[in-house]
Amino acid sequence: MMFFLPFLVCFGLSLAFFTATGNDQFLYLGFTGANLTVDDAATIMSNGLLELTNGSLTFKGHAFYPIPLHFRKSYNDTVQSFSVAFIFAIHSSYPILSRHGLAFIVAPSKNFSDALPSQYMGFMNSQNNGNLSNHIFAIELDTVLNLEFQDKDANHIGIDINDLHSVQSHSAGYYDDRSSNFQNMSLVSGDAMQVWVDYNGEAKKINVTMAPLQMEKPTRPLISTYCDLSTVLQEPSYIGFSSSTGEVDSRHYVLGWSFGMNIPAPVINIAKLPKLPRQGPKHQPKLLEIILPIASAALIIAVGAVIILLMRRQLRYAELKEDWEIEFGPHRFSYKDLYQATEGFKSKNLLGAGGFGKVYKGALRSSQKEVAVKKMSHESRQGMKEFVAEVVSIGHIRNRNLVQLLGYCRRKGELLIVYDYMSNGSLDKYLHCGEQKPTLNWAQRFRIIKDIASGLLYLHEKWEKVVIHRDIKASNVLLDSEMNGRLGDFGLARLYDHGTDQQTTHVVGTMGYLAPELISTGKASPLIDVFAFRMFLLEVTCGKRPVSSDAQGNQLVLVDWVLENWRKGSLTEAVDMSLRGDYNVGEACLVLKLGLLCSHPFTNARPDMQQIMQYIDGDLPLPELTHTDMSFSMLYLMQDERFDPHTLSYPSSKASIGTISRISGGR
Ligand SMILES: Nc1ncnc2c1ncn2[C@@H]1O[C@H](COP(=O)(O)OP(=O)(O)OP(=O)(O)O)[C@@H](O)[C@H]1O
Ligand SMILES: *[C@@H]1O[C@H](CO)[C@@H](O)[C@H](O)[C@H]1NC(C)=O
Ligand SMILES: *[C@@H]1O[C@H](CO)[C@@H](O)[C@H](O)[C@H]1NC(C)=O
Ligand SMILES: *[C@@H]1O[C@H](CO)[C@@H](O)[C@H](O)[C@H]1NC(C)=O
Ligand SMILES: *[C@@H]1O[C@H](CO)[C@@H](O)[C@H](O)[C@H]1NC(C)=O
Ligand SMILES: *[C@@H]1O[C@H](CO)[C@@H](O)[C@H](O)[C@H]1NC(C)=O
Ligand SMILES: *[C@@H]1O[C@H](CO)[C@@H](O)[C@H](O)[C@H]1NC(C)=O
Ligand SMILES: *[C@@H]1O[C@H](CO)[C@@H](O)[C@H](O)[C@H]1NC(C)=O
Ligand SMILES: CC(=O)N[C@H]1CO[C@H](CO)[C@@H](O)[C@@H]1O
Ligand SMILES: [Mg+2]
């Protein structure tokens, strides 16, 4: 018989063998086709799994080997040795809670209609518990701590003789073969595990062993105890399983079972066992019902938020870029960089505002270089290419008396121009700051005058193109960390090649600095810068705005006032009071006279920058101003309607007229 066993098992059949000698043996790998006697909740599922309880509360279920077994060779004989192995699993809707358990039992009858569920395990009731006439031997797998039966814990295995109060019990687990340490196992883990029950008829000893499914039978049994089953078992007796639930909807499964009388129970091949269902089928959908909508809602919100963020980011950093800009690539800044450099154009980084937009301080992330970003609004795209070309071309100018232009950025309705940051700000702040603040001394002022003259000379004559600055004034003169004067703001400058005359369509400039011929003809030449430079000279020396009010509230036109003083022969009276007389008289008078000279309404009577430079450096003596010249100049100013003194009384010195002008002719 043993010879055929492995062969037959290969077919996955459930087998039973009976021999004349009484060496009965069987092996079930799943229970499909097995003629088990099942009752109550117990069923054999379609995949062969034996389900003893089906999740109904306070319910029982039994499954018995159909025919009774003879445990004795003859009626008066002692109970022979036998061994049992089975694989079970307990599932529950709750992860660590299950009620009540299952048991392998040997009993005189298969009829347990009188037994109770819950703690009675489906094979006992309150009346017969402990009665010797039960003739029941059971191995209980108990998941409830029941003080009535003096259970040791809620996770134990015990030997029951006619009584649910176990003869001997032990927490579920096994003794590790290698370390011989006890290892916990949780009956309610939901995993399948194996139990071995071995009875030695001669020594009258019962060994109970258990182990996780994958593990071979440990050598040391969990329980090994003396027990004479001859006094317990009736002849013949049924063997099978009993199980019960309580107030928790547990399911008790048996996956495989083998038995041997007088011979070892066949080894159960775990690979051929039926599969357990997924655990917690009852609560999973409920959980999903709640979690799934919440999770999907959260996901949708999260995705939406990310999209909105990305879109906002996209919009925030959106730029205008056109094909023709490729050649200006190195001079183009990304809006993102400028946005980050100025901390989102925060007002705390605002340096000031002019006629064309606001100027912000920033630090470029990549280089930590400090920059000033001028943010101008521009609506028309017309002429933008030429304008950008100019900006970039100006960017190539490098001179120690000019503020370096680093590049530009363009976005819808906006043009940003990036300059070197000048840490000491613009000159006007030093000149018109009132009594309390320290002002510049004469040496500093004279140096700045020289610096600006040399910067302007460079623009007019030394660079490859003639650059007319067009907006020379104190607020466009910036001071670097060493208090060098640097001419800034090339955003408004017009360029043209040497020798070509240009016409402008709009007049740009600041009141008091505007040359009369620019207003009347609109024609720009370097001499309009000279005209503006004279106002700068007077402003720096006198510390007064082009048009101001005196203590009596009378309007004071700076040029007239200086001219007046010159006529009276008291030119030094025009020098800034806040210098408190501490200045070089020769230099101051030179500058004032030069200022008057540059005011000449006839362009050809004005010196050019080359000459101005020489006058300032003392290389060329300043031509004597004649009263006729100057009278003529005043007369001219008075007669010219378009240069009505009323336009000079424009309230703010910062006011600029017009917009960025376009050059209509080619360059
Ligand atoms: N490169 C720079 N470094 C430091 N501060 C600057 C720089 N450029 C401009 N500023 C500051 O920003 C202020 C505003 O400059 P903006 O050029 O916009 O106005 P403005 O020079 O007064 O008038 P305009 O528009 O006619 O040039 C200046 O007064 C100056 O203080
Ligand atoms: C369990 O089995 C019993 C008896 O067959 C049945 O009445 C009950 O409805 C079943 N419970 C479940 C949850 O299937
Ligand atoms: C199943 O077992 C019953 C006894 O419980 C028996 O009467 C019946 O003949 C058996 N059927 C088979 C197919 O073995
Ligand atoms: C069994 O033992 C009883 C008494 O214990 C005895 O009367 C009976 O004859 C014995 N039967 C057999 C078959 O040995
Ligand atoms: C089981 O036993 C009860 C009494 O204990 C009896 O009423 C019932 O008929 C029995 N059922 C079977 C199938 O023998
Ligand atoms: C044990 O059970 C038998 C029959 O079932 C009964 O006659 C007897 O009184 C019971 N003994 C005790 C102590 O309950
Ligand atoms: C064994 O169980 C006890 C309590 O039952 C617990 O404290 C211990 O951590 C468990 N050990 C392992 C290895 O699971
Ligand atoms: C029971 O276990 C002991 C070791 O604890 C062993 O010596 C004995 O042979 C085992 N008995 C059976 C029937 O397996
Ligand atoms: C007059 C004035 O403010 N000078 C400052 C110019 O900037 C340098 C460095 O940024 C300062 O050290 C000076 O005090
Ligand atoms: Mg400016």
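Whatever order the structure lists ligands and atoms in, that order sets their numbers, starting from 1. For the single chain, residues carry numbers from 1 onward in sequence order.
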Q: Measuring to protein heavy atoms, does anything land under 4.0 Å from atom 14 (O) of ligand 8?
A: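 Protein heavy atoms within 4.0 Å of atom 14 (O) of ligand 8 - there is at least one.
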
Q: At a threshold of 2.8 Å, where the distance has to be below it, does the Mg ion (ligand 10) have an N, O or S atom of Asp489 nearby?
A: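 Yes - counting backbone and side chain alike, Asp489 has an N, O or S atom under 2.8 Å.
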
Q: Determine, counting only non-hydrogen atoms of the protein, whether one lies under 4.0 angstrom from atom 4 (N) of ligand 9.
A: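 For atom 4 (N) of ligand 9 the answer is yes, since some protein heavy atom falls inside 4.0 Å.
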
Q: Do any of the N, O or S atoms of Asn476 sit under 2.8 Å from the Mg ion (ligand 10)?
A: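 For Asn476, the answer is yes, given that an N, O or S atom comes within less than 2.8 Å of the Mg ion (ligand 10).
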
Q: Roughly how far apart are Asp153 CG and Ser169 OG, rounded to 0.5 Å?
A: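 Going from CG on Asp153 over to OG on Ser169, the span is 7.5 Å.
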
Q: Return yes if a side-chain donor-acceptor contact under 3.5 Å exists between Ser81 and Asn262, otherwise no.
A: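 Distance-only check fails for Ser81 and Asn262.
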
Q: What protein heavy atom sits nearest atom 2 (C) of ligand 9, and how far off is it?
A: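 Going atom by atom, the protein heavy atom closest to atom 2 (C) of ligand 9 ends up being Asn424 OD1, 3.4 Å.
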
Q: What do you reckon, is CE of Met483 surrounded by more than 12 foreign heavy atoms closer than 6.0 Å?
A: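 Counting other residues, nucleotides and ligands, CE of Met483 exceeds 12 neighbours.
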
Q: Determine, counting only non-hydrogen atoms of the protein, whether one lies under 4.0 angstrom from atom 12 (O) of ligand 9.
A: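 No, there is no protein heavy atom closer to it than 4.0 Å.
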
Q: Please check atom 5 (O) of ligand 8 for a protein heavy-atom neighbour under 4.0 Å.
A: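 Under 4.0 Å from atom 5 (O) of ligand 8, at least one protein heavy atom found.
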
Q: Which protein non-hydrogen atom lies closest to atom 10 (O) of ligand 9, naming both residue and atom, and how far is it?
A: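 So the nearest neighbour among protein heavy atoms is Ser423 OG, 3.3 Å.
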
Q: Please report which non-hydrogen protein atom sits nearest to atom 10 (C) of ligand 8, along with the residue it belongs to and the distance in Å to one decimal place.
A: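 Closest protein heavy atom to atom 10 (C) of ligand 8: Asn207 ND2, 2.3 Å.
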
Q: Compare all side-chain heavy atoms of Asp198 with those of Ile206 and state whether any distance is below 4.5 angstrom.
A: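 Not in contact.
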
Q: Do you know which of Leu402, Leu478, Leu406 makes side-chain contact (heavy atoms from CB on, under 4.5 Å) with Asp420?
A: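 The single option meeting the side-chain contact (heavy atoms from CB on, under 4.5 Å) with Asp420 is Leu406.
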
Q: Considering only the protein, which heavy-atom contact is closest to atom 1 (C) of ligand 9, and what is its distance?
A: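 Minimum-distance protein heavy atom for atom 1 (C) of ligand 9 reads Met483 CE, 3.8 Å.
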
Q: Using distance alone, decide if ligand 8 has a nitrogen or oxygen within less than 3.5 Å of any nitrogen or oxygen in Asn200.
A: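 There is no such contact.
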
Q: Please identify which of these residues, Lys544, Arg534, His432, meets the side-chain hydrogen bond (donor to acceptor under 3.5 Å, both in side chains) condition with Glu539.
A: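 When Lys544, Arg534, His432 are each tested with Glu539, the side-chain hydrogen bond (donor to acceptor under 3.5 Å, both in side chains) holds only for His432.
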
Q: May I ask you to identify, for Glu482, whether its side chain, its backbone, both or neither come under 4.0 Å of ligand 9 on a heavy-atom basis?
A: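 Looking at Glu482 and ligand 9, no heavy atom falls under 4.0 Å.
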
Q: So, are Glu414 and Lys375 salt-bridged, with charged N and O less than 4.0 Å apart?
A: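 Between Lys375 and Glu414 there is a salt bridge, with a charged N closer than 4.0 Å to a carboxylate O.
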
Q: Starting from atom 8 (C) of ligand 9, locate the nearest protein heavy atom and write down its residue, its atom name and how far away it is, to 0.1 Å.
A: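 For atom 8 (C) of ligand 9, the nearest protein heavy atom is Ser481 O, 3.5 Å.
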
Q: Treating Arg72 as the side-chain partner and Ser230 as the backbone partner, does any N or O pair qualify as donor plus acceptor under 3.5 Å?
A: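 Flag set: sc Arg72 to bb Ser230 pair under 3.5 Å.
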
Q: Could you tell me whether Phe531 and Phe533 have their ring centroids closer than 6.0 angstrom?
A: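 Centroid distance Phe531-Phe533: not below 6.0 Å, so no.
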
